[in-house]
Amino acid sequence: MTGYAVTDIPTFVVGSLLPTVVFDVRQFFVSRGLRAYLVGGAVRDALLRRKTDDLDVAVESTGPGLLELAQNLADVLDGRYVLLHHEMGAARVILPNGPVIDLIAAPHGIAPDLGRRDFTVNAMAVSLDEMVSSDIGIDVIDLHDGRADLAAGVLRAVSPEVFDDDPVRLIRAPRFAAQLRLTVSEDTRSVIRSKAKMLERSSPERVRDELLKIFAAPGAMESIRTLDDLGLLSVVLPELDAARDVSQPKEHYWDVFNHCVETVGKVEAILRPSRDDQDWALSLVPTFPDMDSYFEERISDGHSRSTLVRLSGLVHDIAKPATKTREENGRIRFLGHHKVGAEVVDEILERLRFGTRGRQFVSGLVRHHLRPKQMAEPGAMPSRRALFRYYREVGDAAIATLYLNMADYLAARGPLLERDEWREHCDLMAYILNATFETPAAPRLINGSDVMDEFGIGPGPLVGKLLNAVAEAQAADEVETRDDAMRLVGRMLETETVNANGKLGE
């Protein structure tokens with residue numbers, strides 16, 4: 001990393017980089033005779049000429065006093081007060097359609113507060129007292145050489161002790177390095193490696209949140225590489241360790257572990273809204289209307305489908321080591337790794353306290369990531385019946401699974417990728433994708449009551465299975481009317497056996 005030119009980090013100027021509410025916050029504290037400081041990421045980003053929406057404010061006040069002030073500020077700004085930490089005196093004010101303002105008590109002044117922050121580039125402050133207009137330069141309080149580290153392109157811990165105070169900071173280093181285009185300093189790398197196991201002391205929810213932020217940020221693959229280099233990936237996802245150096249068939253360029261990491265980068269590349277279509281491989285990836293909004297919709301734990309698909313990329317082959325076999329002819333197989341992997345991933349996400357929908361979405365992607373390629377014979381397109389089954393059974397993850405499958409393919413072949421084979425694969429994915437947009441949902445021809453009344457069957461799984469069979473036949477244009485559907489049910493009941501559980505025999 002080359003860092004930033006010193007001229008890019010001048011005296012702090014607010015300009016249009018900070019939300020205008022910062023002046024309302026300033027007036028609130030000045031009118032009460034209190035010294036307050038804008039600190040952390042807002043200062044760092046403004047120095048780098050990056051727009052920021054969230055504000056961190058340190059106030060020379062006691063903890064209980066700060067909490068009362070935060071409630072008053074929320075009232076003044078028509079915002080919502082959220083208590084973050086009672087003893088430390090930390091609170092949040094959430095404004096309607098506006099920024100989030102985090103406040104923390106600094107009863108002994110700004111210097112001790114900055115000394116407790118994680119990295120030097122986040123340990124800078126400016127006095128709100130001096131912020132009288134948007135175009136007047138303000139001196140930056142920089143006690144730990146944060147501006148020099150920005151200029152040098154370095155991410156450095158304020159001190160080794162900052163990780164003892166909050167071990168979650170260990171996992172933030174890769175994310176900040178990727179976001180800010182910085183390199184973690186060697187001394188900080190050494191400290192993180194020596195303290196990596198401390199991350200186990202952190203709450204699963206906070207580790208989950210930091211992990212998801214890594215996948216949400218640009219350069220997620222590089223962040224995962226850094227996470228691994230620092231010894232943190234083995235702490236967060238120890239199940240991946242078994243994948244290291246596990247060989248694969250000749251069609252794969254990477255071993256299992258590196259293939260999984262590379263898949264994260266391929267997911268990001270094909271889902272990036274401004275992806276480089278000059279790259280011939282990316283130019284062949286099919287798209288659909290409102291694709292960006294579909295993948296950026298937040299569906300679990302405050303994160304988007306795009307973020308969860310990247311996470312799925314990292315863990316989609318997590319069960320390959322456990323399922324690996326070698327046949328007499330030397331052929332390597334991983335039979336059932338997708339099913340076993342889905343179970344392993346569900347356990348991992350439960351351990352990290354993921355929400356139910358997020359767990360189901362990611363484990364569903366892992367379970368079905370091979371399926372799009374298996375829906376038809378090589379060179380053929382799936383039948384309408386197969387398409388219907390796919391969308392019915394994969395559900396919410398159906399579209400995302402197609403894109404994970406494409407990323408998986410790219411990461412498997414790596415430099416071995418050939419244009420014709422990739423075009424054929426993308427054509428298949430496009431065919432499956434378009435089926436959901438070109439085929440309107442047909443009304444049901446019959447329902448459960450129709451079947452039970454006509455054939456004297458009681459409620460149970462058999463009725464559902466018969467209805468599913470009718471729906472598949474309808475999707476394949478094999479039945480068109482209610483009478484057609486009833487005749488199909490009758491034939492199934494005549495030719496199939498019903499087992500002791502009341503299910504239709506196979």
Side-chain angles (χ1 to χ4, degrees), residues 6 9-14 18 22-23 25-48 52 54-70 73 84-93 101-132 136-152 154-170 172-173 176 180 182 185 187-188 191-192 195:
V6 175
I9 313 173
T11 302
F12 183 89
V13 177
V14 178
L18 291 174
V22 71
F23 293 104
V25 176
R26 172 194 179 277
Q27 182 59 35
F28 176 86
F29 289 109
V30 168
S31 66
R32 287 160 175 76
L34 292 168
R35 292 190 65 81
Y37 304 86
L38 189 66
V39 295
V43 176
R44 177 201 68 216
D45 289 346
L47 287 172
L48 295 176
T52 186
D54 297 333
L55 306 175
D56 289 340
V57 178
V59 185
E60 292 187 359
S61 169
T62 63
L66 185 281
L67 299 181
E68 183 177 351
L69 287 166
L73 179 63
L84 297 180
H85 198 294
H86 187 274
E87 292 181 4
M88 292 179 59
R92 175 170 293 164
V93 175
I101 305 170
D102 283 349
L103 300 106
I104 190 165
H108 305 296
I110 192 61
D113 176 88
L114 296 181
R116 290 191 297 268
R117 297 200 170 252
D118 50 11
F119 303 102
T120 62
V121 297
N122 297 331
M124 295 180 282
V126 294
S127 172
L128 287 179
D129 289 0
E130 300 178 25
M131 200 176 291
V132 294
I136 296 177
I138 307 168
D139 288 336
V140 177
I141 303 170
D142 181 12
L143 307 179
H144 302 280
D145 297 325
R147 291 170 69 185
D149 282 342
L150 279 178
V154 171
L155 186 74
R156 187 188 311 279
V158 170
S159 73
E161 290 70 35
V162 298
F163 300 116
D164 300 334
D165 296 338
D166 185 0
V168 165
R169 289 170 168 173
L170 294 162
R172 289 179 186 159
F176 280 130
L180 302 173
L182 305 177
S185 68
D187 56 341
T188 298
V191 171
I192 292 176
K195 296 176 181 287

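Quick note: numbers below take in every heavy atom, side chains included, and nothing from hydrogens, waters or symmetry partners. Note that this is a predicted model, so its numbers are computed, not measured.
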Do [X] and [Y] have side-chain heavy atoms sitting under 4.5 Å apart?
X	Y	value
I104	R116	no
R44	F176	yes
V30	L128	no

Please enumerate all residues that pass side chain to side chain contact (heavy atoms under 4.5 Å, CB included) together with [X], with sequence neighbours excluded.
X	answer
L84	V82, A90, R92, D102
V191	P160, F163, K195
S185	V154, R156, D187, T188
Q27	S31

Query - Counterpart residues, side-chain hydrogen bond (donor to acceptor under 3.5 Å, both in side chains), relative to R117 (two or more places apart) - result: D113

Distance-only check: which donor-acceptor pairs under 3.5 Å involve side-chain atoms of residues 33-43, not counting sequence neighbours?
from	atom 1	to	atom 2	distance (Å)
R35	NE	Y37	OH	3.0
R35	NH1	D129	OD2	3.2
Y37	OH	E60	OE2	3.0

Report task. Begin from the C-alpha positions of L180 and L48 and carry the test side-chain contact (heavy atoms from CB on, under 4.5 Å) through to its verdict. Result -> CA-CA 9 Å; L180 302 173; L48 295 176; 4.2 Å; yes

**Report entry** Sole residue of D164, V168, L170 in side-chain contact (heavy atoms from CB on, under 4.5 Å) with D166
**Finding:** V168

Report task. Mark yes or no for whether D142, through its side chain, and R147, through its backbone, hold a donor-acceptor pair below 3.5 Å. Result -> yes

